[in-house]
J.: 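The structure's right below; bear with me while I get my questions together.
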Amino acid sequence: MIIDAFAMFDRDPRTNISITPNVLKKKLSLHLVEHALVCSLQAVFDGHRVGNSRTLSVCQASDGFFLPAASVNPLSYEGGEAEFRKLREEGFRALALFPHLQHWSWRAMSAERVVNDAADADLPIVANVGNSEEFSSACKVLGQIGKKSLIRYSGRGAYSIVSELIEAANRFPALLFDVGCMAQSGIIEHLAKVLGADRLCIASGAPLNFEAAAFFSLAASRLDNNKRIEIESANICRVLSLCVPEHPTPVSDIYLKMKNMPKIDTHWHTGSWQLVEPRTSFECVSEDLTEFNIQYSCSSSILALNWDIEAGNQETLNLMDQDDRVCGLIVVDPWKPETSLEQIGEYSQNPRFVGLKTIQDFYLDREPLGLDHTSYSPILEWANANGWPIMAHLPGMFEAAQRYPNALFVAAHSTWRFDKLANLQNVYFDIATSSSRRSDADFQGLVDSVGDDRVIFSSDSQLMSPAWTLGKLASSGLEWSVITKILSENAMRAFPRLASLREKMDDR
């Protein structure tokens, strides 16, 4: 049995993202969810009393599938412990708080009063936080109360809070943590090992987050049955006073289908970003390529991107020598154009190097460097003369793609910033992002704007597991025929050398 530790229904007026209770139930059931703790978005944006009434009526009509969570906005709170005891008597299982949506601070005295009154009424708190500062503040405030509380991080880049999460868990033993936004390969099993599986839960955050991202990440984790039961249901059951199941839930059919479909992953790395990344070894790379049926991956070196292009590009070659499914992206440095051209001259002779890679906004501390900066000119002139692709972030790409029409450009992390580039036919769109927010990944809008043949599968692994991107695609509403093109076919247009490699493999 899987229990979704938090989801929502109705409409977010900021983004117009909405879902009805019936559709939410159908979507969660696809992932074998049997119960979900929920609240109405009306309680967040309109008023907590009218919204809580809406939540309760929906849950009462759901045959037990939905479990009601109340919400209170400290900015309009004048109640007391009696108000929270009344919520418990009405059947509410928890209190959900939303500082980033309602513009209040955990440091506010009114927020302290809400937290204390809820604790006195023995009403567990689900803290929904949207950035690292809110995360730390929520952990300190709720941890000191000493009552069971669930901390839900729902923002971008959850990989950046892992060390903070571990420290908070060590300081405050009553806190539980949602791992639904943890994207790194191996991060769930790592946290279960260092903290104990009894400190973790799984929440979809639907509809504001892509629901399958959380469940795919859990399905991909290498956990034994006992740890899996704890995370998928047992821990939140104890908080909500539900019966604890005895057996783990099998992985869903939709996860197996997405995992087993053939793929080309165009965005992979060797090395570490100096974060908590449990699976960065060459052996782990090969294991994950097999696990997710990735026929080819396009890998670049973090060492080359952050420090030394010569040593880093050699690292990419070393990985390619160990696994013939790995193709290389030659990292270039705008401050070293001559060395970059030497690296291109050396590695482009190897047919398994299929493109160039840079992170242009890494350079300069005053403002991000654009790809159209003159320091990139010799590199882009070579790419233009040879019809080569270059993967980069977005700053300056529009100008560079116009200036060098024979080069191919891969816009990394472009799921919500694609409009300006949509009409440039030499630009392809990489869908790797650290966020599972629907507002950060308009897949249907992307396909509608650029066509279904210029969107390419990319995970940014091992920083983000392929399961993470696959979960978002599975929740996107795209047709299966389009998803198939994204997973494999389109990469050969963006990286023409991949097509040659596949032809040679087919001829064997």
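Note that the structure is a prediction, hence the values are computed from the model and not measured.
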J.: Donor-acceptor pair, distance only, cut-off 3.5 Å: does the side chain of D308 make one with the backbone of A304?
T.: no

J.: Tell me yes or no: between the side chains of N226 and E230, is some donor less than 3.5 Å from an acceptor?
T.: no

J.: Would you tell me whether T15 and R437 have side-chain atoms, one donor and one acceptor, within less than 3.5 Å of each other?
T.: no

J.: Report yes if some heavy atom in the side chain of F495 is under 4.5 Å from a heavy atom in the side chain of T266; otherwise report no.
T.: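 Of all side-chain heavy-atom pairs linking T266 with F495, at least one is under 4.5 Å.
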
J.: Rounded to the nearest 0.5 Å, what's the gap from CG on D333 to CZ on F362? Could you check?
T.: 8.5 Å

J.: Hey, does L369 have a side-chain heavy atom less than 4.5 Å from the side chain of W335?
T.: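 Yes - at least one pair of side-chain heavy atoms lies under 4.5 Å apart.
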
J.: Just so I know, are the side chains of R438 and N209 near enough to count as touching, which here means a heavy-atom distance under 4.5 Å?
T.: no

J.: Is the closest side-chain donor-acceptor distance between T280 and Q462 under 3.5 Å?
T.: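 The answer is no; no qualifying pair exists.
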
J.: Partners of T469 by side-chain hydrogen bond (donor to acceptor under 3.5 Å, both in side chains), sequence neighbours excluded?
T.: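 Expected list: none.
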
J.: Can you confirm whether R222 is buried at CZ, in the sense that more than 12 heavy atoms of other residues, nucleotides or ligands lie under 6.0 Å from that atom?
T.: yes

J.: Distance only, no hydrogens: is a donor on one side chain within 3.5 Å (strictly under) of an acceptor on the other, for N490 and R493?
T.: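 Judged by distance alone, the side chains do pair up.
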
J.: For the aromatic rings, using the six-membered ring if either is Trp, is the centroid distance between F443 and F210 under 6.0 Å?
T.: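 Yes, the ring centres sit under 6.0 Å apart.
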
J.: Report the relative orientation of the aromatic rings in F135 and F177; use parallel for angles under 30°, tilted for 30 to 60°, perpendicular for over 60°.
T.: tilted

J.: Once you round to the nearest 0.5 Å, how far does CE of M258 lie from CG of D253?
T.: 13.5 Å

J.: Measure up the H267 and H413 rings against each other and bin them: parallel (under 30°), tilted (30 to 60°), perpendicular (over 60°).
T.: tilted

J.: Counting N and O atoms only, with roles assigned by atom type, does the side chain of R199 sit under 3.5 Å from a partner on the main chain of A192, one being a donor and the other an acceptor?
T.: no

J.: If we ignore angles and hydrogens, is there a donor and acceptor under 3.5 Å between the side chains of Y376 and T358?
T.: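 Indeed, the side chains of Y376 and T358 share at least one donor-acceptor pair under 3.5 Å.
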
J.: Atom SG of C201 and atom CG of N235: how far apart are they, to the nearest 0.5 Å?
T.: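 With rounding to 0.5 Å, SG (C201) is 5.0 Å from CG (N235).
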
J.: In the structure I gave you, are the side-chain heavy atoms of V354 and W388 within less than 4.5 Å of one another anywhere?
T.: no

J.: Before accepting this row, confirm whether a basic side-chain N of the pair K336/E342 lies closer than 4.0 Å to the acidic partner's carboxylate O.
T.: no

J.: Let me confirm one number: the OG-CD1 distance from S340 to I330, rounded to the nearest 0.5 Å.
T.: 10.0 Å

J.: Any salt bridge between D288 and R279, counting N to O under 4.0 Å?
T.: yes

J.: Side chain of D178, backbone of L150: donor and acceptor closer than 3.5 Å?
T.: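 Here the side-chain-to-backbone pair does not exist.
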
J.: For the pair Q184 (side chain) and V276 (backbone), establish whether a donor and an acceptor sit closer than 3.5 Å, ignoring hydrogens and angles.
T.: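 Yes: the side chain of Q184 pairs with the backbone of V276.
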
J.: Hey, what's the ring geometry for F216 with H31, parallel, tilted or perpendicular (30° and 60° as the breaks)?
T.: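 The rings of F216 and H31 stand perpendicular, inter-plane angle above 60°.
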
J.: Which value, rounded to the nearest 0.5 Å, describes the distance between Q314 atom CD and L303 atom CG?
T.: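 Reported value, rounded in 0.5 Å steps: 11.0 Å.
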
J.: Are the side chains of V326 and W268 in touch, meaning some heavy atoms are under 4.5 Å apart?
T.: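 No, their side chains stay 4.5 Å or more apart.
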
J.: Search all heavy atoms of I456 against all heavy atoms of I431 and return the closest pair with its distance.
T.: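 Taking every non-hydrogen atom into account, O-CG1, 3.5 Å.
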
J.: What do you reckon, is CD of Q322 surrounded by more than 12 foreign heavy atoms closer than 6.0 Å?
T.: yes

J.: Indicate yes or no: at least one non-hydrogen side-chain atom of F457 is less than 4.5 angstrom from one of D430.
T.: no

J.: Pairing donors with acceptors under 3.5 angstrom, does anything connect the side chains of N128 and H100?
T.: no

J.: How about S204 and D4: does a side-chain donor come under 3.5 Å of a side-chain acceptor?
T.: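 On atom types as modelled, these side chains qualify, holding a pair under 3.5 Å.
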
J.: Looking just at side-chain N and O atoms, do S221 and K227 make a donor-acceptor pair shorter than 3.5 Å?
T.: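 Side-chain D/A pair, S221 to K227: absent.
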
J.: Do the side chains of R14 and D12 get close enough for a salt bridge, i.e. N-O under 4.0 angstrom?
T.: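 Looking at R14 and D12, the cut-off is met.
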
J.: Measure from NZ or CZ of K257 to the centre of the six-membered ring of W480, then state whether that distance is under 6.0 Å and the direction lies within 45° of the axis.
T.: yes

J.: Measuring only between side-chain heavy atoms, which start at C-beta, is F418 closer than 4.5 Å to L394?
T.: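 Of all side-chain heavy-atom pairs linking L394 with F418, none is under 4.5 Å.
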
J.: Does the salt bridge (Lys or Arg N to Asp or Glu O under 4.0 Å) test come out yes or no for E167 and R171, once each step is laid out?
T.: CA-CA 6 Å; E167 179 61 24; R171 289 193 192 187; 2.9 Å; yes

J.: Taking atom CE of M397 and atom NZ of K420, what is their separation to the nearest 0.5 Å?
T.: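 Between M397 CE and K420 NZ, I get 12.0 Å after rounding to 0.5 Å.
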
J.: Among S297, S299, S286, exactly one meets side chain to side chain donor-acceptor pair (under 3.5 Å) together with D323. Which residue is that?
T.: S286

J.: Are F215 and L32 side-chain neighbours, meaning at least one heavy-atom pair lies under 4.5 Å?
T.: no

J.: Ion pair present between E381 and R403, side-chain N to carboxylate O less than 4.0 angstrom?
T.: no

